[in-house]
Amino acid sequence: MKRSWMLALGLGLVIAACGKDAVAPGDDHDGNGIPTPTQLATIGSGIITNRYTAEVAVAGTTAYTSTWGNRPLPGNTVYVWNVAGTTPALADSLFVPNAGTLGDVQISPDGKYLVVATEYSPNGSISVYSLNDPRHPVFVSRFQSAHTTAGVHTMKMSVIAGKLYGFLQIDPAGGALARLTIVEMTDPLQITEIYSQTMGSPYIHDVFVRDGFLFAALWNDGMGIYDIGGAGNGNPADPILLGGVDIPAGKIHNIWWFHDPKTGSKKYALLGEEGPTSIGSSSSGDIHVVDVTSFANPVEVATYHLAGAGTHNFWVDEASGILYAAYYNGGVRALDIRGDLSTCTSAQKNISGKCDLGLMGRLLGKALDGSGFFVWGVQGSGNRLYASDMNSGLQVLDITPLKR
């Protein structure tokens with residue numbers, strides 16, 4: 001989400017009621033040959049109404065949600081939730097000093113640290129907390145450099161050659177201040193900046209890092225793929241561009257490179273498009289499927305469009321081959337992404353001639369739609385999907401019907 005939305009959010013967001021009962025998937029109630037998606041049930045809700053809820057991260061029976069903007073309290077707090085039961089219970093809260101608002105909240109791959117991205121200028125940074133007691137994180141360190149002060153909006157972590165790296169996206173209005181900054185943070189008390197470079201148009205918004213490759217969401221420049229150790233030439237201090245793809249619609253916001261453990265396929269990257277006309281009470285933007293068989297020549301092959309709503313962050317249940325997307329005012333959508341996504345009939349293509357996942361019957365489930373929700377992000381754990389709703393807090397969904 002971009003900070004230009006603040007005024008619109010102040011006008012448009014309302015608190016929502018909780019979900020609906022699940023229904024059996026697969027029946028064609030509309031008679032159009034497309035199965036009716038399962039309505040996923042809401043298990044419980046952790047209500048927050050004095051701040052807007054932003055990102056969510058989950059580990060075991062503990063969840064963390066960041067906050068954003070002003071409602072009227074500022075988005076400078078991380079809420080810690082006990083999610084062992086059906087209803088999330090607030091276990092603790094972390095006030096983050098000198099933060100105008102928060103962005104990402106991420107858990108390190110080893111589960112030892114919680115890292116929080118902070119905005120705005122001049123206080124952009126990342127704050128690191130120990131998770132020795134997951135329900136009561138303890139502050140460890142804060143990192144800031146001349147290249148982060150404009151505000152860290154998103155950040156990801158990955159272990160490469162035995163070291164932990166953080167990938168920080170600084171995306172204010174654009175120009176020289178907007179950049180990708182990479183830090184080595186194996187020891188959180190000795191975080192070191194090793195790379196910083198402007199990229200994207202007008203900024204880089206997010207990255208996805210896996211197997212030593214970095215997939216960069218470059219907004220109006222589409223997606224770039226970089227070797228940072230996976231191909232043996234680049235490294236985190238010297239990323240090497242392998243290739244990229246331009247998405248004519250632009251506004252590429254986030255990426256997931258799908259590895260299917262059932263088939264072994266690593267063929268597709270899923271790109272989220274935020275915009276072009278997102279506002280506080282509605283949104284727009286599609287999911288774009290890119291064939292990355294050749295990193296040097298990625299090709300867009302399919303899309304998913306939800307009328308009247310736009311995608312934001314998403315998470316993939318790779319064991320089940322299902323993408324769960326937060327759709328702001330459209331709630332949550334679950335898409336089948338296993339198998340061939342680039343082959344379809346003429347009736348299943350969009351006006352650009354690419355396969356349309358909706359017309360292909362790949363929408364398997366939905367939730368929190370049509371009830372005033374405004375869902376920022378999702379993450380799954382076990383048979384549950386945790387959805388961060390800007391209006392109401394943390395919503396817990398039952399995804400058992402879609403497990404396979």
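Along the sequence shown, residues carry numbers from 1. Scope of the values below: all heavy atoms of this structure, side chains included, with no hydrogens, waters or symmetry mates.
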Steps toward side-chain hydrogen bond (donor to acceptor under 3.5 Å, both in side chains) verdict (Gln395, Thr42)
CA-CA 7 Å; Gln395 302 289 335; Thr42 301; 4.8 Å; no

Counting only heavy atoms not in Lys403 (residues, nucleotides, ligands), do more than 12 fall under 6.0 Å from its NZ?
yes

Test side-chain hydrogen bond (donor to acceptor under 3.5 Å, both in side chains) on Arg179 and Tyr203; report intermediate values, then the result.
CA-CA 7 Å; Arg179 57 182 51 240; Tyr203 37 68; over 6 Å; no

Working to the nearest 0.5 Å, report the span between [atom1] of [X] and [atom2] of [Y].
X: Thr87; Y: Ile47; atom1: OG1; atom2: CD1; result: 9.5 Å
X: Asp336; Y: Leu363; atom1: CG; atom2: CG; result: 10.0 Å
X: Phe95; Y: Asn76; atom1: CZ; atom2: CG; result: 5.0 Å
X: Ile107; Y: Gln379; atom1: CD1; atom2: CD; result: 6.5 Å
X: Asp317; Y: Arg338; atom1: CG; atom2: CZ; result: 8.5 Å
X: Ile287; Y: Leu357; atom1: CD1; atom2: CG; result: 8.0 Å

Heavy-atom check, side chain of [X] versus side chain of [Y], under 4.5 Å:
X: Ile182; Y: Gln197; value: no
X: Ile337; Y: Val316; value: yes
X: Leu270; Y: Val290; value: no

Say whether [X] and [Y], considering side chains only, have a donor N or O and an acceptor N or O under 3.5 Å apart.
X: Ser283; Y: Asn329; result: yes
X: Glu184; Y: Thr192; result: no
X: Arg135; Y: Thr61; result: yes
X: Gln144; Y: Asn123; result: no

Minimal non-hydrogen separation, [X] against [Y], with atom names:
X: Leu359; Y: Lys349; answer: CD1-O, 3.9 Å
X: Tyr129; Y: Val140; answer: C-CG2, 4.0 Å
X: Val58; Y: Ala63; answer: CG2-CB, 4.0 Å
X: Met157; Y: Pro109; answer: CB-CD, 4.2 Å
X: Tyr268; Y: Val301; answer: CE2-CG2, 4.0 Å
X: Pro88; Y: Val396; answer: CG-CG2, 3.5 Å

Parallel, tilted or perpendicular: which describes the rings of Trp68 and Trp376, with under 30° parallel and over 60° perpendicular?
tilted

Please verify the inter-ring angle class for His259 with Trp257; under 30° counts as parallel, over 60° as perpendicular, anything in between as tilted.
perpendicular

Does this structure show an ion pair linking Arg404 with Glu318, if we count only N-O contacts that are shorter than 4.0 Å?
no

Between Asp206 and Lys156 (salt bridge meaning N to carboxylate O under 4.0 Å), is one present in this structure?
yes

Any donor-acceptor pair under 3.5 Å linking the side chain of [X] with the backbone of [Y]?
X: Gln169; Y: Asp171; result: no
X: Arg362; Y: Ala334; result: no
X: Arg71; Y: Thr53; result: no
X: Arg51; Y: Pro74; result: yes
X: Ser141; Y: Pro188; result: yes
X: Ser196; Y: Thr181; result: no
X: Thr186; Y: Leu164; result: yes
X: Thr38; Y: Leu40; result: no
X: Gln190; Y: Asp187; result: no
X: Ser66; Y: Gly103; result: yes

Please report the C-alpha distance between Phe213 and Phe295 in whole Å, then the side-chain angles of each, then the deciding distance to 0.1 Å, and finally whether the ring-ring contact (aromatic ring centres under 6.0 Å, His included) criterion is met.
CA-CA 10 Å; Phe213 297 101; Phe295 284 173; 4.9 Å; yes

Report the C-alpha separation of Asp104 and Thr154 in whole Å, then their side-chain angles, then the decisive distance to 0.1 Å, and conclude whether the side-chain hydrogen bond (donor to acceptor under 3.5 Å, both in side chains) test is met.
CA-CA 5 Å; Asp104 265 350; Thr154 60; 4.6 Å; no

The test is side-chain hydrogen bond (donor to acceptor under 3.5 Å, both in side chains); show your working for His253 and Glu273 and say whether it passes.
CA-CA 5 Å; His253 172 274; Glu273 169 199 344; over 6 Å; no

